[in-house]
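Chain identifiers are assigned alphabetically (A, B, ...) following the order of the sequence lines, protein sequences preceding nucleic acid strands; residue numbering begins at 1 within each chain. Note that the coordinates shown come from a computational prediction; the quantities given were computed from them, not determined experimentally.
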Amino acid sequence: MEGPSLVISVEELSRFFRKKVTESTTPDSLKGLTGRTFKGARSWGKHLILEFTGCILRIHFLMFGSYRINQPRENRIPKLELGFKADRVYFYSCAIKEITAELVESYDFRTDLMSDAWEEKRVLTLLKPKQEKLVCDVLMDQEIFSGLGNIMKNEILFRRRLHPETVLGALRGPEQKRLVRDCRKYSFQFYEWKKANVLKRNWLIMRKKACPACGGKVVKKPTGVLKRLSHFCPKCQKKRLNQE
DNA sequence: TGGAATGTTGGAAC
DNA sequence: CGTTCCAACATTCC
């Protein structure tokens with residue numbers, strides 16, 4: 001699950017803010033939640049932060065995680081279940097950890113692509129020491145582009161016609177700033193499409209056989225240090241040379 | 001229908 | 001001690 005989906009989850013959970021947890025099932029490693037008030041939720045990148053009286057949980061959905069409200073999955077045991085009178089929230093296949101208020105304070109929302117506190121200038125500062133790295137790795141760096149996932153990476157690079165293995169420093173003049181703005185803009189586009197349930201049909205390069213621009217064959221290849229699969233058109237996304 | 005994939009962590013290896 | 005690599009986890013989709 002990528003950042004914009006987490007923002008949607010916070011919106012869906014907002015109806016339970018300030019409500020008392022009347023029932024709950026939690027992993028043994030966590031405190032009980034029954035009787036606590038669900039104070040609120042927010043996201044930072046791909047992290048979902050749930051605040052209860054006397055307990056803060058951080059949920060990460062990783063690749064396969066999901067949540068449901070009042071519609072449990074059949075034959076699946078949720079990792080965490082929250083009851084609010086007649087309503088139930090279920091969290092499946094996710095990593096859940098209790099965290100401290102101090103840790104939440106330390107999250108830098110200036111890098112969170114969906115946050116009001118996001119700052120282009122801050123991101124550009126963090127990019128300065130990354131000029132030798134490949135753009136496919138840099139975009140996936142959660143300390144710089146918090147919430148950006150592999151789908152977003154591939155779509156953003158295709159739209160800007162950048163080869164995933166382009167060295168960041170090969171982007172001259174205003175190009176890095178443009179890429180950073182693309183990331184911010186595409187995050188909100190992703191969010192709108194996801195909410196409207198039309199995300200997949202708006203993919204241009206992800207899991208496509210042919211390039212929508214030239215009709216050429218889309219290459220799927222693990223790229224960069226991270227070795228995450230990049231989908232790209234080698235004709236339309238030429239690799240840049242790292243020079244003036 | 002087997003294999004790949006919206007992701008991260010922790011530990012081994014070097 | 002830093003880095004790099006790999007397994008582990010777990011579920012949906014094509």
In whole Å, what is the span from the CD1 atom of Ile77(A) to the P atom of dC9(C)? 17 Å

Once pairs are restricted to Watson-Crick or G-U wobble with both distances under 3.5 Å, how does DNA chain C read as a dot-bracket string, [ ] for crossings and | for other-strand pairs? .||||||||.||||

Heavy-atom contacts under 4.0 Å between residues 60-74 of chain A and DNA chain C, which residues? Phe64(A), Arg73(A)

Length of the line joining Ile59(A):CD1 and dG7(B):P, which is rounded to integer Å: 17 Å

Sequence neighbours excluded, every pair satisfying side chain to side chain donor-acceptor pair (under 3.5 Å) that has a member inside residues 45-59 of chain A: Arg42(A)-Glu51(A), His47(A)-Tyr107(A)

Quiz question: by atom type and distance under 3.5 Å, do the side chains of Lys153(A) and Ser230(A) form a donor-acceptor pair? yes

What is the distance from CD of Glu2(A) to C1' of dT8(B), rounded to the nearest Å? 14 Å

Between the protein and nucleotides 1-6 of chain C, list every N/O to N/O distance that falls short of 3.5 Å.
none

Qualifying residue, where the test is salt bridge (Lys or Arg N to Asp or Glu O under 4.0 Å) with Glu165(A) and the options are Lys227(A), Lys239(A), Lys238(A), Lys133(A): Lys239(A)

Taking atom C1' of dC14(C) as reference, at what distance in whole Å does atom NZ of Lys220(A) sit? 12 Å

For Met152(A) and Phe190(A), the nearest pair of non-hydrogen atoms, with its separation, is CG-CD1, 3.5 Å

In this structure, how many angstroms lie between the C1' atom of dT6(B) and the CD1 atom of Ile8(A), rounded? 13 Å

Given atom CE of Met206(A) and atom C1' of dC13(C), what is their separation to the nearest angstrom? 12 Å

Lys153(A) NZ to dG7(B) C1': how many Å, rounded? 12 Å

Between dG7(B) (C1') and Leu6(A) (CG): distance, integer Å: 12 Å

Between Phe84(A) and Phe16(A), does the ring centre distance come in under 6.0 Å? yes

Provide the distance between the two P atoms, one in dA4(B) and one in dA7(C), to the nearest whole Å. 14 Å

Members of residues 89-99 of chain A that approach DNA chain B, where some heavy atom sits under 4.0 Å away: none

From the list dA10(C), dT6(B), dT11(C), which nucleotide is the closest neighbour of the side chain of Arg76(A)? dT11(C)

Just N and O in the side chain of Arg228(A): are any of them under 4.0 Å from OP1 or OP2 of dG7(B)? yes

Residues in contact with DNA chain B, drawn from residues 133-147 of chain A - heavy-atom cutoff 4.0 Å: Met140(A), Gln142(A)

Within 6.0 angstrom of Arg15(A) CZ, more than 12 heavy atoms from elsewhere: yes

Using a 6.0 Å distance limit plus a 45 degree cone around the ring axis, check whether Arg160(A) lies over the aromatic ring of Phe158(A). no

